[in-house]
Amino acid sequence: MRRARAWTGKRPSVLLGVMAVVYLVGCGEGPGGDGDTRGIAPPLEDAEDGPIALEYVCGNRFFITNSYSVPVSLLYRVVGSTEEGAADLPSAPVDEPAMSERMIETRTRGALQLFMNGKLIAVRENGAIPCSPVPANADFASGDPSSAGEWTAPFFWPIVSVHLSLLPNGKVLAFGHHGSPQVWDPSSGDFTAVPAPALLFCAGHTFAPDGRLIVAGGHISNAHGIPDITIFGTGAPSWTTSTPMQLGRWYPTNTPMGNGEIVITAGKDQNGKQVKIPEVWSPSGLRQLTTASMALPYYPRAFQAPDGKMFVAGPNQATKWLDISGTGRWTNGPKRLFGSREYGAAVMYDEGKILYVGGGHTTNTAEIINLRDGSPQWAWTGSMAFPRRHGNAVILPTGQVLAVGGVSGSASNDLSTAVHPAEMWNPATGVWTMLAGNTTNRGYHTTAILLPDGRVLLSGSGDGAGAPNEKNSEIFSPPYLFQGPRPNIGSVPSSIGYGSSFDVQTSDAGSIARVSLIRIGSTTHAFDMNQRFQKLSFSKGGSEVHVSAPDDPNIAPPGHYLVFLVDDNGVPSIGKIVELN
């Protein structure tokens, strides 16, 4: 699956690629000729590149990718200086992601111009971002499970879990490129095949308020998507279809909103062209945001914001707000600190608060933002011990965030650099703690979700990029499961309303320190489109905890959530799934 790019053409022909291996400097627009562009201003950050793409990373580092089927030779120049150099890139591989890559680091600071065949094809500003912001001191857990947690051995899975969702009934739905979608029952370990009416590989998905999984798009071929809306219901596990979108989508994002609608953005259509107009799904049908046309990278990291708008945190460094009222309107958001965080993980770890970690080419850095601030700005938080691309971030019942899987090399999916230790981020301190390591290399197409019992399911990797197909899963038990007995939940209402109060029956009311609400997970390509976390206020009774439900659907969009009780030792109960409406 090709990486996110604004270029909207089909895969370049061999003839065009062959032409790219020759410098035609000294004529036309090339450096050194009459049309020297040494002093031109960089274009807008969202400008389209083409088969050759240029990104700013950090420091004086830039990243170039080649989607041609043959090698290319390029020339780069630093604006305002005499520094220039050559950048040779091999041909793009046949397997997706279909591009070759190279990082360059200039001696001088300035915008970088990139030339091919003597023609200026891209310019990117130097953002003067430190490559290694001062991190909080990392912690390293001992080997004891109460400190480092514990992994199961890999166990059989019928398919590669490119797409993974926790269903409202506590079972898990997985699907990928090859083989029928599967429903896994964690209590019995049984799998049930549920064939889909379309190939849903590389679709976007999130849950509607009633618990149905809304899947947008799917696969014709690499970079070509179908227009289908395919729906999975959990009453009797089965698929249905509804009114299709205006265009196909391959690599879109589905974002659940506070009004119950789902915003569908990005992706490639049936002809391999970028889909720029968002569509909004609701039970009554689809509508287009015709005045909000914008090219976005694949799988934008988008969230319902507290003000009712949708916030796109990445992967581009420039963030965006989308007003979905009427026919839609985009506005600019605060620029992130690090450059492109492609295939980095982003989570809403508290009300309006986002953590964006890893990604790029490839970084261990992380940054946070609070969308509830009057003028929200990104700030550094602690860095992980390992750079990660294709890693997953999972919010835990304690409010901490677990990073698992991924690769650490500069290449797109170099499994020789696979990261095995898990790391856990504490939002109170910004510190990451390195935990126990899993067994299997998990890079591109890795997925991870939180299970109701507080463990984390890690699966996938392969089904593309020429990597081994990992038809297996592993389960991580975080350290809190080895730190004492778990508090008990006797009962909880199956449905709760906004602004209401509800009781959670428990024999451990006196020891409860936190009530957590976590939206059930639905993840693919290192991004969970459904997950978000909230602490609920509560008071204690003799044999129950009196809990206040969220009062704002923009903070907690309607749908299904896990409720956890967490005791004074940081040990969570088994979660109960409730419907918030």
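Since we're looking at a predicted model, the values are computed, not measured.
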request  = Assess whether side-chain contact (heavy atoms from CB on, under 4.5 Å) is satisfied between Leu166 and Leu562, documenting all intermediate values.
outcome  = CA-CA 10 Å; Leu166 177 66; Leu562 283 160; 3.9 Å; yes
Looking only at non-hydrogen atoms, find the nearest pair between [X] and [Y] and report the distance.
| X | Y | value |
| --- | --- | --- |
| Ser282 | Glu261 | CB-CG, 4.0 Å |
| Gly204 | Asn254 | O-ND2, 3.4 Å |
| Gly382 | Ala366 | O-CB, 3.6 Å |
| Pro130 | Cys58 | O-CB, 4.0 Å |
| Ser408 | Val419 | CB-CG2, 3.8 Å |
| Asp307 | Asn554 | C-ND2, 4.2 Å |

ask   = For Pro256, which residues count as a side chain to side chain contact (heavy atoms under 4.5 Å, CB included) partner, sequence neighbours excluded?
value = Thr206, Arg519, Asn530
Hey, are the side chains of [X] and [Y] touching, using non-hydrogen atoms and a 4.5 Å cut-off?
| X | Y | value |
| --- | --- | --- |
| Tyr356 | Arg301 | yes |
| Val563 | Leu517 | yes |
| Ile369 | Thr319 | no |
| Val312 | Leu322 | no |
| Ile129 | Arg336 | no |
| Gln288 | Glu279 | yes |
| Thr265 | Met310 | yes |
| Pro550 | Leu580 | yes |

Separation between [atom1] of [X] and [atom2] of [Y], rounded to the nearest 0.5 Å:
| X | Y | atom1 | atom2 | value |
| --- | --- | --- | --- | --- |
| Trp250 | Ile220 | CH2 | CD1 | 11.5 Å |
| Ile277 | Met245 | CD1 | CE | 13.5 Å |
| Glu470 | Ser459 | CD | OG | 9.5 Å |
| Ile555 | Arg532 | CD1 | CZ | 7.0 Å |
| Phe338 | Trp378 | CZ | CH2 | 13.5 Å |
| Ser461 | Asn413 | OG | CG | 6.5 Å |

request  = Please assess Val407 against Leu415 for the test side-chain contact (heavy atoms from CB on, under 4.5 Å), listing each intermediate value before the final yes or no.
outcome  = CA-CA 6 Å; Val407 295; Leu415 290 175; 4.0 Å; yes
request  = Under the salt bridge (charged side-chain N to carboxylate O under 4.0 Å, His left out) rule, collect the residues that match up with Asp323, sequence neighbours excluded.
outcome  =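 Listed in chain order: nothing, the list is empty.
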ask   = Can the ring centres of Tyr349 and Phe533 be said to be less than 6.0 Å apart?
value = no
inquiry  = Could you check whether Phe527 and Phe303 have their ring centres less than 6.0 Å apart?
reply    = yes
Indicate yes or no for a side-chain donor-acceptor contact from [X] to the backbone of [Y] under 3.5 Å, with no hydrogens or angles considered.
| X | Y | answer |
| --- | --- | --- |
| His163 | Cys202 | yes |
| Trp330 | Lys320 | no |
| Tyr56 | Ala111 | no |
| Asp463 | Gly176 | no |
| Gln531 | Val347 | no |
| Thr447 | Ser161 | yes |
| Thr524 | Val162 | yes |
| Arg388 | Gly405 | yes |
| Asn271 | Lys273 | no |
| Thr253 | Pro300 | yes |

request  = Using the salt bridge (charged side-chain N to carboxylate O under 4.0 Å, His left out) rule, take Glu101 and Arg389 through it: C-alpha gap first, then chi angles, then the decisive distance, then the call.
outcome  = CA-CA 14 Å; Glu101 304 174 315; Arg389 187 175 1 177; 3.5 Å; yes
Aromatic plane relationship, [Y] with [X] - under 30° parallel, 30 to 60° tilted, over 60° perpendicular:
| X | Y | answer |
| --- | --- | --- |
| His177 | Phe201 | parallel |
| His361 | Phe63 | parallel |
| Trp239 | Phe175 | perpendicular |
| Tyr343 | Tyr444 | perpendicular |

So, [X] versus [Y]: side-chain donor-acceptor pair below 3.5 Å or not?
| X | Y | answer |
| --- | --- | --- |
| Asn581 | Ser495 | yes |
| Ser522 | His205 | yes |
| Thr365 | Arg341 | yes |

request  = Assess whether side-chain contact (heavy atoms from CB on, under 4.5 Å) is satisfied between Leu89 and Ile52, documenting all intermediate values.
outcome  = CA-CA 10 Å; Leu89 284 84; Ile52 304 296; over 6 Å; no
Full working for side-chain contact (heavy atoms from CB on, under 4.5 Å) between Tyr498 and Asp552 = CA-CA 7 Å; Tyr498 287 100; Asp552 185 353; over 6 Å; no
query = Where do His560 and Phe207 land on the ring-ring contact (aromatic ring centres under 6.0 Å, His included) test, with the steps shown first?
reply = CA-CA 8 Å; His560 288 77; Phe207 286 99; 7.6 Å; no
